[in-house]
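Reading through the structure tokens given below for one structure.
Convention: sequence-line order gives letters A, B, ...; per-chain numbering from 1. This one's a predicted model, so the numbers in the text were calculated from it and none came from an experiment.
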Amino acid sequence: KAQEAKNETFGFAKFQKEKAFTPIVGIESWFTYSMNEVKNDVEYANRPDASFRRLRFGAKGTPYSWLSYEIEFNMDRLGEDSYASTKGSYNGFDIWKAFISARLSNDDLLHLQAGYYWAAISLDYMASPWSVSSFDKTRSDWHLRNFMTGRGSGIESGVGLGGLKNFNGFGINYQIGAFSPAAYNGPEHANPLFTGRVMFSVGDPEQKSYKIRHAGNHWNARNGVTIGLGGATMGKADNSSGTAYNNSKAYGADISATTGGLKVEGEYYKMQREASGMNDYEGTEWFVRCGYNILVKGTFVEPTFTYDSYKGEGEKALYKYIGDDKSFDLGVNWYLNKDKLKLSLHYVNQKGSCSSNVGDYLGMALQVRL
Amino acid sequence: KAQEAKNETFGFAKFQKEKAFTPIVGIESWFTYSMNEVKNDVEYANRPDASFRRLRFGAKGTPYSWLSYEIEFNMDRLGEDSYASTKGSYNGFDIWKAFISARLSNDDLLHLQAGYYWAAISLDYMASPWSVSSFDKTRSDWHLRNFMTGRGSGIESGVGLGGLKNFNGFGINYQIGAFSPAAYNGPEHANPLFTGRVMFSVGDPEQKSYKIRHAGNHWNARNGVTIGLGGATMGKADNSSGTAYNNSKAYGADISATTGGLKVEGEYYKMQREASGMNDYEGTEWFVRCGYNILVKGTFVEPTFTYDSYKGEGEKALYKYIGDDKSFDLGVNWYLNKDKLKLSLHYVNQKGSCSSNVGDYLGMALQVRL
Amino acid sequence: KAQEAKNETFGFAKFQKEKAFTPIVGIESWFTYSMNEVKNDVEYANRPDASFRRLRFGAKGTPYSWLSYEIEFNMDRLGEDSYASTKGSYNGFDIWKAFISARLSNDDLLHLQAGYYWAAISLDYMASPWSVSSFDKTRSDWHLRNFMTGRGSGIESGVGLGGLKNFNGFGINYQIGAFSPAAYNGPEHANPLFTGRVMFSVGDPEQKSYKIRHAGNHWNARNGVTIGLGGATMGKADNSSGTAYNNSKAYGADISATTGGLKVEGEYYKMQREASGMNDYEGTEWFVRCGYNILVKGTFVEPTFTYDSYKGEGEKALYKYIGDDKSFDLGVNWYLNKDKLKLSLHYVNQKGSCSSNVGDYLGMALQVRL
């Protein structure tokens, strides 16, 4: 009888034990040889380096039919030589992402996300790093993420909605959110960062079922074009020492076209920030990326190139990167088991007056994920 | 033959593979709206905030029939706006608890605990935060924990014994321990913090089998009253810069009564500390909490209120909170799958001359655990 | 047909789901009583302490037949009283090791390791702490590890090869590597730390299949002798503030002999470092360790003693431990389920002009691993 009573509970309260816990392990080992690095007029010795570009650990699951979670910790850049030409710096162990996702409609139209996740508005912002064809995600998009949230990951605490609807040969996908970047928590103002993104697909859809992130590779199974539009805005913000700015904006568009093994994609976004008694800040970031999957006995070999560019003008107090920052990446990836086992060999050339690194490097990567 | 030899080993040396590892994932998402916060005469803007009140990750298991372990890491308060009215502050990733528990008797009379765990002496000290009916555990008990161990969690390294014996309509439960709070490790003195707690139950027992923590909710299945008495004492302590105090004490009593869906509980504890050439410190903390479970199709809807109060007098050097700190909490919880899936909506009002926050807030919580 | 195509993939690209994830949990609880500790002429009070000497958490797996990984985090020394006589200090949560291992040959001759792992050249450097018979790994070998890598763990980012070949009654085992210690990353020089180690076994082999670490106990199943030779060298290094030294070297030999329950082992290593305009640094570290397994109903009781010694002379700027550092350890271990469940009781006596601790202590340990 107790058993019957238990069976009488709501369907949405039924625990799915077997789907509740899946471990996350993600390893991306880099072996690089850095050349021609110069900082503050000091020439660095060329050098080899072995490090982890990404080292991730965590769990995900769908404990209830409508409710899933992801928690991921990172120890990225472990072992990185801080004099190498690879960008970013070692920061020790930290939380990477943690969020819940609730499906609120029976179809894929309405999902709620809450927690610590991407305030994504652009293509590369929401792209999975594990299947992107360049050696790493673009530096230009890093600037968009860093500008918007004060963090290179572009991950902050917030709440949002997302969903998709696919028709025959046409599809729409959206995400909106409100975030609270810690860099702009202050006593005087409490304006959220509002974000929005919509994607229109022609041909095969970008996503068959809703996911918070984009796949970087469709494994020769998609013929379609997706155009994305994104924007973010934030009102007055203070950073614990008074008003930091009066308003901040980012907006732009991106495109991704896939046919057979070929993928061509790019984005173009503008950033703006204003404060009383200061010059405005204006920035632009864009990239183009092209890859071609060659099917080899169930694996994919993908020659690829990427060019990305950032330019910032105006007041350094509003965004500290004033100048330009450009990278060119040429390489080949071998997806042995899609994005779960991947070998890459790339050459990366970096330039720019506000680029943290101007040396170039040869990089080999081995990526293993569960 | 090797197989036989293996079978000849002691029973307590037999590894239980299938019980050795169970993952721990605990998520408590908070969505709050803070109002009327003032600090150092600065009025803060009212504000919404999305954050994790609790974010836990770890493992537990019973690798041998008599030996179990728990290891849990926390990333609590991730994403919390530090200008919100919610108490506590973001501290990054850390160990929460880590201990082993060994059953030393064939019945439930004698268990040994060792590691990093609760130096618990009171009801709310040892209550599980996941099933407590107030929006959070009481602030008054936080003062007891912080006073005793120098840490808000009340968790420190130590060793202890615990057990229970249930008779027909009557039960006894005890825990004693010796702890070494890091805040009071110094060269001159090495006195442990001794703790003890005993509980007497009439009617249905508080616990049918021994657990180191209390359940906050008995899901309408218990009719019983439990009275608890607890105390802690520590001799001379130095804090790396000489004698911090000559002695420190805490003691008090608590009660918990459950009948059908109704639960009424409360605690009253005193704190005292003395040092040569200083005034004494004297503190009192108490609370009352009441909740009523309404069974709805196998789920529980629980209207609840809590009032808690702390008052401290005397020397600030002996315990830094001199003044008062009070909260009133009114809300409703919906336990969809007991304490594994819980939705809450509460209003919390905070006051007090030594309260870290005096604003009030509306809070919504979504709790998901494996 | 898609199924067939999938079956056509390379054997080395086939994911082994059931072997891809195994959790790591390792707990070593210490209960010590420290006596006679003196620092900077201050006598410390004798004291008991409960702490975790090792607290480990992570995962390992073999997702592909030729490719395995290990990721382990540590919260070692949690709860340790910093005035106790036990060596080392509490450092919070950190990565312990993270590496991938690829078998490149069909036999055991050629394995590649990459990541964050041991730059091991000596017996105790590569010994598993879980089955070593002394209360802890030797302090003398700690100096070798610390000297070589700037880290007490001896773990740094690098790449290496290793393998073994066993003949009838004779075996060879080797490991070579190139590491990049973060302590010696600087702009001017980028010389790797090169390491090498070879072991010759007579009788039963030291390892039947290749493992990156040594077993500390053969459970009465080996009759054999292993002689190991190891060396490391590093050229000019700078430590972000100019040239730290011109060259650094370590080399030595070790022996391990096992017959029935008896194990006798020891190592002797020299350390040298030179810099322009400074005296050289010269150091020596050695130890002997002896244990005897008594089989008791499938469990092993092992009385054991260890003496280890370090001596350093010359320039303190080249290695900060100038003087001597010695320990004597006498105890008994009870392996209830080999190194997965172990109880130990030891007395440790410490001396030395550059020893971080000179008190002695009684220690009890309880070790639990999955």
task = Examine whether an atom of B/F57 lies under 4.5 Å from a heavy atom of chain C, and if so say whether it belongs to the side chain, the backbone or both; otherwise answer neither.
result = side chain

Chain C interface, residue from B/N191, B/N185, B/I100 that has the most non-hydrogen pairs under 4.5 Å = B/N185

request  = Considering only NZ, NE, NH1 and NH2 on the basic side and carboxylate oxygens on the acidic side, decide whether C/K60 and C/E70 come within less than 4.0 Å.
outcome  = no

key: Derivation of the side chain to side chain contact (heavy atoms under 4.5 Å, CB included) call for C/H218 and C/K263   = CA-CA 9 Å; C/H218 287 92; C/K263 180 164 200 172; 4.0 Å; yes

Where B/R213 and B/Y125 come nearest, the two heavy atoms and their spacing = NH2-O, 3.6 Å

NZ (B/K249) with more than 12 external heavy atoms under 6.0 Å = no

query = By a 4.5 Å heavy-atom criterion (distance strictly below it), what part of C/L341 contacts chain B: side chain, backbone, both, or neither?
reply = both

note = Ranked by heavy-atom pairs below 4.5 Å to chain C, first place among B/G61, B/P192, B/A98, B/A182 goes to B/A98

key: Toward chain C, the part of B/A59 with a non-hydrogen atom under 4.5 Å   = both

request  = Under 4.5 Å heavy-atom distance to chain C, tell me which part of B/F99 shows up: side chain, backbone, both or neither.
outcome  = backbone

message = Need one label for C/I27: side chain, backbone, both or neither, based on atoms under 4.5 Å from any heavy atom in chain B.
response = side chain

ask   = Can you find a heavy atom in the side chain of B/R53 that is under 4.5 Å from one in the side chain of B/S51?
value = no

note = Of the listed B/G58, B/P187, B/S157, the one with the largest count of heavy-atom pairs under 4.5 Å with chain C is B/P187

task = Among the options B/A20, B/S180, B/G186, pick out the one with the most heavy-atom pairs lying under 4.5 Å from chain C.
result = B/G186

inquiry  = Using heavy-atom distances under 4.5 Å, tell me whether C/K340 contacts chain B through its side chain, its backbone, both, or neither.
reply    = both

inquiry  = Can you tell me which portion of C/Y83 sits under 4.5 Å from chain B's heavy atoms? Options are side chain, backbone, both or neither.
reply    = side chain

ask   = Do B/Y116 and B/E156 have side-chain N/O donor and acceptor atoms under 3.5 Å apart?
value = no

key: C/N46 versus chain B, the contacting section by heavy-atom distance below 4.5 Å   = backbone

task = Classify the ring geometry between C/F135 and C/H346 as parallel (under 30°), tilted (30 to 60°) or perpendicular (over 60°).
result = tilted

query = Below 4.0 angstrom, N of the basic side chain to O of the carboxylate: do B/D124 and B/K137 qualify?
reply = no

